[in-house]
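Values reported hereafter were calculated over all heavy atoms of this structure, with side chains retained and with hydrogens, waters and symmetry mates removed. Letters go in sequence order (proteins before strands), and every chain restarts at 1.
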2 protein chains.
Amino acid sequence: MDEFELISRFFKNNGITRKDVDLGIGDDGAVVTVPENCQLVVTTDTLISGVHFFPDMDPRALGHRALAVNLSDLAAMGAEPAWISLALTLPEADIHWLEEFTAGMHEIAEYFNVQIIGGDTTKGPLTISVCAKGTVPNGKALKRSGAKNGDWIYVSGPLGDSGVAIEAQKGKHNLSPRQLEAVKKRFEYPSPRVAAGQVLRGLASSAIDISDGLIADLQHILDLSGVGAIIDVEKVPVSDVLKEALTQDEYLPYALAYGDDYELLFTVPEDNKGMLEINLRQYGVEAVCIGQIKGNAGEIELLKSEERFEINEKGYQHF
Amino acid sequence: MDEFELISRFFKNNGITRKDVDLGIGDDGAVVTVPENCQLVVTTDTLISGVHFFPDMDPRALGHRALAVNLSDLAAMGAEPAWISLALTLPEADIHWLEEFTAGMHEIAEYFNVQIIGGDTTKGPLTISVCAKGTVPNGKALKRSGAKNGDWIYVSGPLGDSGVAIEAQKGKHNLSPRQLEAVKKRFEYPSPRVAAGQVLRGLASSAIDISDGLIADLQHILDLSGVGAIIDVEKVPVSDVLKEALTQDEYLPYALAYGDDYELLFTVPEDNKGMLEINLRQYGVEAVCIGQIKGNAGEIELLKSEERFEINEKGYQHF
């Protein structure tokens, strides 16, 4: 199968068609229309076999995940996802693998009304690089830089499941098959908080998605906003499965520092707190307040039962 | 050096700053503004070490080339380049290599007034995937699908140098150092025909950039336009260096079928021929008419001294 047959079979005649796509796959470039009074939001995330996922990862889950991690970045900007460019590098054109991978990708694309408008397929070590585009009303994008003293710190859902899934598969923890299945699902099929991100527009003062770990990602907000934070580690939400399978000492490092969860971390001024909680609940998002912006700029103070809590893990590092 | 230091040192505080970039590198996504009455054009091209370039390729040239091949796609759409997302996968954070690579990339970005607005750096086999964004007035994008019977077929400049450069380095041809240097420069520092592409708007009936080879890329136009073509192979422009170093029998396959040249191939209705040639010449582009749209749909007839000419090469294939 040559490159053109591959694109034609798995991408060109699959997935949704958006009205704002004037020209999709099959030319030198795609042509799309950004709605009036909106800005374009662009994000890129690459997944590499053996670095970001196990080489034998279920291809359907991989297709889902490759798109989900990018949609999560758009969510953190408060953007509405629209278009995807896919740079797919494959060691060989394995039909079964491609069928499953593209099915997983088209499923989540359809769910979020996103169209794959182009990309590049090349031969080499398995690498999936997605450039996702979305739109946001002029000036309404959520940034990392807006947190102010006194703002409340929230996360959009439970943390730590993905990390436990990875380490359990490496043999570090002994989970029951049901428990392992539950945490693996969080890693394989993360739910980008797209609706939540749009609800945050105009209410949250800053936002980021938790890909590198709660502490590392909070640090990004603090550095760009020039503020400090205090976090009550016992308020950080974790799933029932984690509480059941591990002790608190075991699961806290995952929830605080492992990453790969793709929940949103955001700050909210006191005045917007009530409105925000009501609006998020309408979308089924149970956001949890875990602390407050205060203290020395750039510093995170972790508390547990009102005492200082220390953690060694620092979050995900590529290099 | 961790990922954040790398981005900060080589990307964040380098390169040009465009006024239409509200938020660049350093958040979950970039935020940019598409001009009124314009559409967004998006293209993606990936370069992989050992597949698309020699592993020891000069990193400065590689930085140039990675951007150039994408700007060439925007040129083929008639778009004005604006923003770049870069997915860079590196086996290690080699400071010297990164300095040269980013210098090459920033040089061409500055020349074309393009800003790197974000991306992702990951650890793995050397892979450079660029997603380039540009803008085009509403409805004015050049497509592959508009060629009509009777239109004239043009290329924007000499073909075959890049192919000869690659094969000479593999030992297939014996070029003088000066000759090798000249053709290597075409491979390493291709000039995307950005101004030419914009001149073609409203005058050309179809366009594509020659990345896979003249015949393969012409075939794309024919397939999407539902027309045929006749090409006089002796009219296909080649550089003086190629004519000097190789016989016609040797260089014609490169000019017709090797690709990697990044000139534009386009079709022009009879009525626009004169205007187009004048306008292109003002931008220093010596476009050459090499044939005409006619004959059976999907078929390319090659002529040499008015006799049928056959060629075995079919153009670049990834899989």
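Going from atom CD1 of B:Ile84 over to atom SG of A:Cys131 covers 10.0 Å, rounded to the nearest 0.5 Å.
Proximity to chain A involves both the backbone and the side chain of B:Val42, based on heavy atoms less than 4.5 angstrom apart. In this structure, the portion of B:Ile48 lying under 4.5 Å from any heavy atom of chain A is its side chain and not its backbone. The contact between B:Leu224 and chain A is made entirely by side chain atoms (from C-beta outward), counting heavy-atom distances below 4.5 Å. The contact between B:Ala30 and chain A is made by backbone and side chain atoms together, counting heavy-atom distances below 4.5 Å. Neither the backbone nor the side chain of B:Ala132 comes within less than 4.5 Å of any heavy atom of chain A.
No donor-acceptor pair closer than 3.5 Å links the side chain of A:Thr44 to the backbone N or O of B:Asp120. Formation of a donor-acceptor pair under 3.5 Å by the B:Asp27 side chain with backbone atoms of A:Lys143 is not found in this model.
Heavy-atom pairs under 4.5 Å with chain B peak, among A:Val32, A:Val130, A:Asp20, A:Leu23, at A:Val32. Considering only heavy-atom pairs separated by less than 4.5 Å from chain A, the leading option among B:Val34, B:Ile117, B:Asp45, B:Thr33 is B:Asp45. Your options are B:Ser49, B:Gly118, B:Gly26, and the one with the most heavy-atom pairs under 4.5 Å with chain A is B:Gly26. Per-residue heavy-atom pair counts under 4.5 Å with chain A were compared for B:Ser72, B:Cys38, B:Gly119, and the maximum is reached by B:Gly119.
The shortest side-chain heavy-atom distance between A:Thr46 and B:Thr89 falls under the 4.5 Å cut-off.
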